[in-house]
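One structure is given here, and the rest of the page talks about it.
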Amino acid sequence: MTHSPASADDRSAVTGRRRIAFAVHTDRDGLSRLPTLIRSLALTNPGVCEDFVVLHPGLPDDAFDALRPLHPRLLTRRAEGGRGDVLRLEGYDTVVALDPGMVVLGDLGELLRMRHGVAAVPRSPHAGQRDGERPVVLPDGLFVLQRADVDDALATRLAAASASGSGSGSGSGSGSGEGVAPDGALTPLDARYDFPARRLHDDLPVPEDVVVLRFTGPSGTPGHGPAAEARRRFELGDEEFRAAFRALRGRKHPELLAHYAPPLLKARPSLDLARTVADVYRGQGRYDEAVEVLAPVVADRLDAPRCHETLGVCLMALSRYDEAEAHLLLAAAAPDVAPRAFAQLARLAWLLGREADAHAYAREGLDADPTDAGCHAWYVRTRTREPEGGAAAPGPAPSGQLAHVALFAEGDENAGDKVLPEAVRMCFGTDTGPRHWYPQPVHRLVDEAALEQLNARRGVVVGGGGLFLPDTSPNGNSHWQWNVPDDLLSRVTAPLAVFAVGYNVFDGQLYRRRRFAESLRVLVERSAFFGLRNHGSIDRVRELLPASLRDRVRYQPCPTTVARQLLPGRFEAAERSDTVLVNCAYDRAGLRFGHDYGHFLAQTAHALGALRERADVRYAAHMPADERFVHDLRREHGIALPVERLYALSNDTIRDLYARARLVIGMRGHAGMIPFGCGTPILSLVSHPKLAYFLSDIGRPEWGLSVHDRELGPRLAERASAVLDDHAAAVADVHGAQEFLWKTTQENLQELRDVFGLT
């Protein structure tokens, strides 16, 4: 079977996401040692998967064939300058340089979290060095460098020190070294990160705290038995290595699992291993491959409820709903799996418009576990509400309504997703209720009955929000959030407008583009208006379209950014409180923070500590998961913030809260756009490209700070203080930046009124 290609979006230049690599230089002699190094890295750091770059003097490509099964991100580069070329490795921010003669015995997390300078283990002083001088540091073994701190001159001097110290990329040098690094150029690392095995003579044991053990000669040298044994632990055959990796406890990086587990499954098929592989594929959005792996092995197994649950969820993501329901019902027969399975069954029934079945499934899930949050949410959402005053009044005429395809958040869902649909409707008039609007939930399947309802309306508005995203509610029909098959989309006869939609793929997120690109082409062809909420989204979407359709993609800002114009006079009268509101986001935290979450937390603690001396700093949670920041900040840094739970508030209250603040520091897109629209100054914590795209559109990139910024704390404190110092000017700046957005929106709305026949 041919699968649609998948690759990761790389917008690190936009988000400031740190690019990290392990790098090793080898000649042909050192090549035979690399498999042991790579295996040791994977088995001792199973949650880490960064590029592993092999620099070489011109070895043939097939020389690396034995290495490729050992690491999913192995890259080879020709390097004529020897090991010194590691210092000039392009395309990375942080490089951890290793030696082929090394084995990794412990956690490298501390090295991956380093943010400044060049670090290496100090060597012993040379003869003749004066007492009290700083020890000579020679990077002939492991070192960690931040490319931003290494200019060409320093790289040349360090390379010279390295060349004179070891001279070999094979791990066979003496390590004694004659050249020295410039005094003060290197930060000392603890010896446990580069411990020479030659020190362990007379069969001394390897110290328990050693993280990296380096062999500078043959590992079987007499008198070094424990060191040699430490290395032999990783001299495994490929299948034995894969089995050892899978047997490890704790978190394993999904890319490593996806690389090692499928060959192991082929060699040692089992139900448990099949589920492991399927779960990895599911997490990567490779639902078709998950089904291929799992379906054959669970077909006749009634004793595998967790496998049926995984299979059902993956089938649902492919829009194979009948099969999905059958497997989820099998899973629900097991008491320990039943609540999750019934929650998924309720979601499936709701997607198909079967509200009563969804409610019944949710009720069964609550019978199994009355505390299950998923079943409770679906139970409330699908509860039948009796009309007040008896029989329901006749509904409005469909021909007088616009259909609105959107994410309609309910309960404790994202506050931004509650405000947004109303903001879209306010662009078309003050009545945002059912008399003028027919809601079509974006995730619900568009079938023949739904198509008939859409075509009965005077027009269809799709948006806004980041709907061009593969994984919030995946479906096999479009591979974005609107669950509409191409053939039904092409039969929408009512005028169709895509309004303020965003390309919402995370930096580094794997995205299988082919099906999405095909659906996108049909959508653009069918649309009378196709407006995206930022120019970054415009560029990304145009890349996926044929040349003939690219000019039809235009700019339509998110309507939350022009709330002052949509609700004239309302926010100007608001009295400002002495409050700074802060917001963070935790969905897909690995893509947002990488190895830098601890750094981010410490830096924001520094900034908020300074801000609390001059303002009431409070936390604005858009959804319950956002409150993790408050807990982590208190636990790690002793700072407690009061919490405003926006997800529990009405739209008017959310806007009023933001309008009264003096400053909002937000990581979510709408934690910036909503307060900005209300006239409040903002600073954005950029962990997703969309925040940088918005600030670029309004010509204020300086309002954004990457969560990876090495000096985030001082810079955030400085910029926040500048806003508070001259608040009137900051508010005026926001008002000025809104003018272009409002002008663009007005021009687009005039066109849309003609399209929809609105007076």
Side-chain angles (χ1 to χ4, degrees), residues 316-317 319 343 346-348 350-353 355 358 374 377-378 380-382 402-428 432-434 437-446 450 453-454 460-475 477-484 489 496-506 509 516 519-520 523 531-534 537 556-561 585 587-588 622-626 646-651 654-655 668-674 677 688 690:
M316 192 179 353
S319 298
R347 182 167 75 93
L348 185 153
W350 180 85
L351 289 173
L352 300 179
E355 295 268 350
W378 283 111
V380 172
R381 184 170 192 166
T382 56
L402 290 172
H404 189 189
V405 179
L407 174 62
F408 302 105
E410 298 183 16
D412 289 345
E413 295 179 88
N414 193 331
D417 291 334
K418 295 180 181 179
V419 173
L420 178 57
E422 183 183 44
V424 169
R425 296 180 180 190
M426 287 193 295
C427 291
F428 295 88
T432 61
W437 291 91
Y438 169 79
Q440 171 67 34
V442 67
H443 295 152
R444 181 167 283 178
L445 175 68
V446 177
Q453 291 294 332
L454 294 176
V460 178
V461 177
V462 180
L467 301 182
F468 293 150
L469 178 71
D471 64 351
T472 295
S473 181
N475 72 81
N477 291 315
S478 69
H479 276 206
W480 59 288
Q481 296 302 288
W482 193 13
N483 193 356
V484 56
L489 177 58
L496 177 64
V498 174
F499 191 81
V501 168
Y503 181 87
N504 225 37
V505 177
F506 278 74
Q509 186 171 12
F516 170 59
S519 176
L520 185 64
L523 180 68
L532 302 187
R533 68 182 180 184
N534 52 59
S537 291
Q556 170 52 55
C558 179
T560 61
T561 65
D587 52 306
R588 305 169 188 84
H622 274 225
M623 55 194 310
D626 291 0
L646 273 63
Y647 54 84
L649 305 179
S650 69
N651 288 352
I654 292 169
R655 285 187 289 255
R668 291 197 174 277
H670 281 109
M673 290 187 287
I674 295 173
H688 188 292
K690 64 186 178 185

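The structure displayed is predicted, hence computed values, not measured ones.
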Value rounded to 0.5 Å, distance of CZ in R588 from CD in Q509: 5.5 Å

Rounded to the nearest 0.5 Å, what's the gap from NE2 on H479 to OG on S319? Could you check? 8.0 Å

Any side-chain heavy-atom pair of R533 and K690 under 4.5 Å: yes

Among Y438, W437, F499, F428, whose ring pair (Phe, Tyr, Trp, His ring centres under 6.0 Å) with H404 holds? W437

What closest approach, in Å, do [X] and [Y] show between heavy atoms, and which atom pair accounts for it?
X	Y	value
L454	W482	CD1-CZ2, 4.1 Å
C558	L420	SG-CD1, 3.6 Å
A450	Q440	CB-OE1, 4.3 Å

Look at the side chain of [X] and the backbone N and O of [Y], then say whether any donor-acceptor pair between them is shorter than 3.5 Å.
X	Y	value
H688	N504	yes
E413	K418	no
N483	N477	no

Under the salt bridge (Lys or Arg N to Asp or Glu O under 4.0 Å) test, residues paired with R444 that sit two or more places apart: E355

Would D417 and R668 count as a salt bridge (charged side-chain N to carboxylate O under 4.0 Å, His left out) here? Give the steps. CA-CA 11 Å; D417 291 334; R668 291 197 174 277; over 6 Å; no

Consider side-chain contact (heavy atoms from CB on, under 4.5 Å). Of V446, V498, V462, which one does V405 pass it with? V462

Check the orientation of W378 and W350. Use parallel for under 30°, tilted for 30 to 60°, and perpendicular for over 60°. tilted

